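Predicted model only: the values in this text are computed from it and were never measured.
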Amino acid sequence: MSLASHGSPFMPEKSFPVPSTPSAVGAVHAAFLTVKDAAEYLGLSPHTLYVWRHRRQGPPSFRMGRRGRVVYRRDTLETWIREQEEADSRSNPALDPLALAPQHRSGRTFGD
């Protein structure tokens with residue numbers, strides 16, 4: 001019996017538990033995305049997100065930390081994506097102009 005393969009008979013083997021939750025740093029990285037990561041997540045270029053931020057368009061973002069890095073909350077991005085989908089008539093049948101009842105014009109013409 002080799003001590004190297006079975007541990008010391010005087011000291012029990014230590015087993016280190018496998019973390020069931022991500023570390024605090026991992027949780028921050030999971031909750032917040034950099035501009036580059038958010039752009040990749042959305043399938044856009046980082047430049048597009050910078051332009052949208054400058055124009056106050058697109059998904060909400062904010063500056064965080066000493067360096068004031070722009071970050072996006074992952075859950076806010078998911079909410080923003082849902083809002084975009086609901087606002088698109090191709091994804092939302094209630095907004096489909098072809099599904100609306102036809103509007104009738106009055107017999108009146110302009111310039112009368």
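Leu42 approaches Pro59 most closely through the heavy-atom pair CD1-CG, 4.1 Å. When all heavy atoms of Tyr72 and Pro60 are compared, the closest pair comes out as CD2-O, 3.3 Å.
At least one side-chain heavy atom of Phe62 sits under 4.5 Å from a side-chain heavy atom of Val71. Looking at Glu78 and Tyr41, their side chains come closer than 4.5 Å, going by heavy atoms from C-beta outward.
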Give every donor-acceptor pair under 3.5 Å between a side-chain atom in residues 46-58 and any protein atom, sequence neighbours left out.
residue	atom	partner	partner atom	Å
Thr48	OG1	Ser45	OG	3.0
Arg53	NH1	Ser61	OG	2.6

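A distance of 8.5 Å separates CZ in Phe32 from OG1 in Thr76, rounded to the nearest 0.5 Å. Distance CZ/Arg82 to CD/Glu85: 9.0 Å, rounded to 0.5 Å. Rounding to the nearest 0.5 Å gives a distance of 9.0 Å between CD of Gln84 and CD1 of Ile81.
The number of heavy atoms from other shown groups lying within 6.0 Å of CD (Glu40) does not exceed 12.
Of the possible polar contacts, one joining the Arg74 side chain to the Ala30 backbone as a donor-acceptor pair under 3.5 Å is found.
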